[in-house]
K.L.:
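Take a look at this one; I'll ask things after.
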Amino acid sequence: MNPERLDERFFSQDAVTVARLLLGKTLVRVFPDGSVGRYRITETEAYLGEADKACHASKGRTPRTEVMYHKAGKIYVYLIYGMYWMLNFVTGPEGSPQAVLIRGLDDLRGSGKVGRLLSVDKNFYGEELQNSPRMWVEDAPELSDFETAARVGIDYAGEEWKNKPWRFIALR
DNA sequence: CCAGTGATCAGG
DNA sequence: CTGATCACTGGA
C-alpha cells in the first residue's frame, strides 16, 4: 500500500497534536525543474489560536493571518526579517486560527533554512497540501522518540505563553 | 554580541 | 505616509 497523503482530517486536530504527530512524517516537494525532494520532518512548533500570545493570530484577523482561519491543511507562509520564508501548515477546526511551523527536515535545523531548502515563497500562501502538485505530506509510522522544548524567538509573548513546551524535536 | 533586510500593521 | 517590529541566520 502506498503511503497516504495526509489530508484535512489529519490537520484538523489541534496544533499541538499535529506538531507532535508530524515528527517522522515525510514532506514531499516537487521543484520547478521536476526534481523531487523527500524529507523526514524532525522539528516542529505549534501556534494555538488567538489566545496564544506567540501566535500571529493573537493580533486578530489580518491579510497575513487570514489563511489560518481557513480549513486545515492549507499552507501558511510569511517572510521574516526580510530574508526568510517560514513554512507553516494550518491546523484545527475551520475558524480557529492555528498553525504548525516546520523547523527541521532530516538533519537540517532552523526554520529559515527549511524555507530556503524547499524554495518556498509567497506563492505557496493558501495552497492545499491535500491537492498541491508541488508540496504534500505522506503518512509514516508515529514517532515516539522525541523531546519537547519552549518555542524559539517569542520572548515578546509573556511568561504564560513563551514557556509552553510546544516545540517538538525528533531524537535519532 | 549584532547587522542584514523588507513585508506587515497600527497610528497619524 | 511613517516607523516599529519581526516563528532568523551567520559572522564578529
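Here is how names work: the chains are called A, B, and so on, in the same order as the sequence lines, proteins then strands, and each is numbered from 1.
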K.L.:
Base, sugar-phosphate or nothing for Gly112(A)? Non-hydrogen atoms, less than 4.0 Å.
P.N.:
sugar-phosphate
K.L.:
Between dT5(C) atom C1' and Met83(A) atom CE, what is the distance in whole Å?
P.N.:
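Value for this atom pair: 15 Å.
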K.L.:
Could you check how far CZ of Arg61(A) sits from P of dC9(B), rounded to whole Å?
P.N.:
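Going from CZ in Arg61(A) over to P in dC9(B) covers 13 Å.
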K.L.:
Heavy atoms from C-beta onward define the side chain here; which of dA10(B), dA7(C), dG10(C) lies closest to that of Thr62(A)?
P.N.:
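Of dA10(B), dA7(C), dG10(C), dA10(B) is nearest to the side chain of Thr62(A).
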K.L.:
Separation of His56(A) atom NE2 from dC8(C) atom C1', in whole Å?
P.N.:
12 Å
K.L.:
Rounded to the Å, how far apart are Trp161(A) CH2 and dA7(C) C1'?
P.N.:
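After rounding, the gap between these two atoms is 16 Å.
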K.L.:
Rounding to an integer number of Å, can you tell me how far Leu101(A) CG sits from dT9(C) P?
P.N.:
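One finds 10 Å between P of dT9(C) and CG of Leu101(A), rounded.
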K.L.:
Is it the case that the side chain of Arg20(A) and the backbone of Thr148(A) share a donor-acceptor pair, with hydrogens and angles ignored and the cut-off at 3.5 Å?
P.N.:
no
K.L.:
From the list dA7(C), dC9(B), dC8(C), which nucleotide is the closest neighbour of the side chain of Tyr47(A)?
P.N.:
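Given the options dA7(C), dC9(B), dC8(C), the side chain of Tyr47(A) is closest to dA7(C).
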K.L.:
Using only side-chain N and O atoms of Arg103(A), determine if any of them is under 4.0 Å from OP1 or OP2 of dC8(C).
P.N.:
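So the side chain of Arg103(A) is within the cut-off, an N or O lying under 4.0 Å from OP1 or OP2 of dC8(C).
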K.L.:
Is it true that Arg151(A) and Asp52(A) have a side-chain N and a carboxylate O under 4.0 angstrom from each other?
P.N.:
yes
K.L.:
With a non-hydrogen cut-off below 4.0 angstrom, is Arg167(A) in contact with a base, only sugar-phosphate, or nothing?
P.N.:
nothing
K.L.:
State whether Asp106(A) and Arg40(A) are salt-bridged, where the test is any N-O pair (Lys NZ or Arg NE/NH1/NH2 against Asp/Glu carboxylate O) under 4.0 Å.
P.N.:
no
K.L.:
Strictly below 4.0 Å: does Lys113(A) bring a side-chain N or O up to OP1 or OP2 of dG10(C)?
P.N.:
yes
K.L.:
Return the value, rounded to whole Å, for the distance between atom NZ of Lys59(A) and atom C1' of dA7(B).
P.N.:
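My rounded result for the distance is 14 Å.
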K.L.:
Here's a test for you: under side chain to side chain contact (heavy atoms under 4.5 Å, CB included), which of Arg61(A), Glu50(A), His70(A) qualifies with Pro97(A)?
P.N.:
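That would be Glu50(A).
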K.L.:
Would you call Glu160(A)-Lys53(A) a salt bridge at under 4.0 Å N-O?
P.N.:
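No, no charged N to carboxylate O under 4.0 Å.
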K.L.:
Hey, is Arg103(A) close enough to Glu45(A) for a salt bridge, meaning N to O under 4.0 Å?
P.N.:
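Judged by the 4.0 Å cut-off on N to carboxylate O distance, Arg103(A) and Glu45(A) do form a salt bridge.
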K.L.:
At under 4.0 Å between heavy atoms, what does Arg64(A) touch on the DNA or RNA strands: base, sugar-phosphate, or nothing?
P.N.:
sugar-phosphate
K.L.:
Syn or anti for dA4(C), with syn set at within 90° of 0?
P.N.:
anti
K.L.:
Kindly say if Ser111(A) contacts the phosphate of dA7(C), meaning a side-chain N or O under 4.0 Å from OP1 or OP2.
P.N.:
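No, Ser111(A) has no side-chain N/O under 4.0 Å of OP1/OP2 on dA7(C).
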K.L.:
Check this one for me: any side-chain N or O of Arg109(A) less than 4.0 Å away from OP1 or OP2 of dC8(C)?
P.N.:
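No.
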K.L.:
Does the cation-pi check pass for Arg29(A) over Phe31(A), that is, NZ or CZ under 6.0 Å from the six-membered ring centre and within 45° of its axis?
P.N.:
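Positive - Arg29(A) is close enough to the ring of Phe31(A) and near enough to its axis.
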K.L.:
Between Ser132(A) and Glu127(A), do the side chains contain a donor N or O and an acceptor N or O under 3.5 Å apart?
P.N.:
yes
K.L.:
Which of residues 71-81 of chain A sit near DNA chain C, with a heavy atom under 4.0 Å from it?
P.N.:
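Heavy-atom contacts with DNA chain C come from Tyr76(A), Tyr78(A), Ile80(A), Tyr81(A).
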K.L.:
Does dT5(B) have a Watson-Crick or wobble partner in any strand here, with both distances under 3.5 angstrom, and which is it?
P.N.:
none
K.L.:
Which whole-number value in Å describes the distance from Glu43(A) CD to dT9(C) P?
P.N.:
10 Å
K.L.:
Between dT8(B) atom P and Tyr84(A) atom OH, what is the distance in whole Å?
P.N.:
18 Å
